[in-house]
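This report refers to the structure that appears directly beneath it.
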Amino acid sequence: MTETNEPRLMVGALIRDPYDRIFVQRRSASRRLFPGCWDVVGGAVEEGESLLDALHREVTEETGWQLRQVLARVMHEEWTANGRRHVESDYVVEVDGDLSSPQLERDKHTEFAWVTAEEVSLLDENARRGGSNFIKDAVVAAHAWLADEAGKRRTAV
């Protein structure tokens, strides 16, 4: 495998439910990166894959749901882990499937939660576990976008 200075492209799906909650899942303790931390659905973009293709694949692989609609990109950030640069784009999305019963990849994720704007402090534990506030920032950005869109709908009526 050849070393590259190119950043690894990543996508994140900030899945919203009808109540404007955002789906998060806990990474298993055996994960190399960010063990035990809360995460959003997502991962690396594979060679030859578009960002949208990667979103579709990751949502299906990690939850069993089907991506229905991409609503907005709310974050585009660079981060470094294990000496490798990553560029991640996170999107607020809607999915089809039984939202009460995701098909988690049990070797990778141990539990899930739906987080309201008022409950994002749940994600503070990531920083205490050696992670960062990246996931919390993404979920806060998703909630801010959803609130802004709700405000636009109210004023348009």
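If you're wondering where the values come from, they're calculated on a predicted model, not measured in any experiment.
Scanning both residues, Arg106 and Glu111, for their nearest heavy atoms gives NH1-N, 4.4 Å. Between Ala29 and Pro35, the shortest heavy-atom distance links the atoms O-CB, 3.4 Å. Scanning both residues, His76 and Ser89, for their nearest heavy atoms gives ND1-OG, 2.7 Å.
Here the side chain of Asn126 pairs a donor or acceptor atom with the backbone of Trp38 at under 3.5 angstrom. Although no hydrogens or angles enter the test, the distance criterion places no donor-acceptor pair under 3.5 Å between the side chain of Thr63 and the main chain of Pro102. With Asn82 contributing its side chain and Arg84 its backbone, the two residues share no donor-acceptor pair below 3.5 Å.
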Exercise for the section: Determine, step by step, whether Arg57 and Asp53 satisfy the side-chain contact (heavy atoms from CB on, under 4.5 Å) criterion, reporting the C-alpha distance in whole Å, the side-chain angles of both residues, the deciding distance to 0.1 Å, and the verdict. Expected result: CA-CA 6 Å; Arg57 179 182 49 75; Asp53 290 341; over 6 Å; no
Exercise for the section: Apply salt bridge (Lys or Arg N to Asp or Glu O under 4.0 Å) to the pair Glu149 and Arg16, showing each step before the final yes or no. Expected result: CA-CA 13 Å; Glu149 287 300 300; Arg16 75 174 278 242; over 6 Å; no
Handout entry: From CA spacing to verdict: side-chain contact (heavy atoms from CB on, under 4.5 Å), Met75, Leu14
Key = CA-CA 10 Å; Met75 284 190 66; Leu14 294 150; 6.0 Å; no
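Arg21 is not listed as a side-chain neighbour of Val115, based on a closest heavy-atom distance of 4.5 Å or more. Between Arg129 and Arg27, the closest side-chain pair of non-hydrogen atoms is not below 4.5 Å.
Remark: Ser101 pairs with Asp98 by the side chain to side chain contact (heavy atoms under 4.5 Å, CB included) rule, at least two apart or across chains.
Using a 4.5 Å cut-off between side-chain heavy atoms of Ile, Leu, Val, Met, Phe, Trp and Tyr, Leu104 falls into a hydrophobic cluster with Leu9, Val11, Ile15, Phe23, Val41, Val45, Leu51, Leu52, Leu55, Val59, Trp65, Leu67, Val70, Val87, Tyr91, Val93, Val95, Leu99, Phe112, Trp114.
Partner of Glu88 under the side chain to side chain contact (heavy atoms under 4.5 Å, CB included) criterion, out of Met10, Glu78, Glu77: Met10 alone.
Here the CG atom belonging to Leu71 is positioned 7.5 Å from the CG atom belonging to Leu146, to the nearest 0.5 angstrom.
Lys108 and Glu61 are not joined by a salt bridge, as no carboxylate oxygen comes within less than 4.0 angstrom of a charged side-chain nitrogen.
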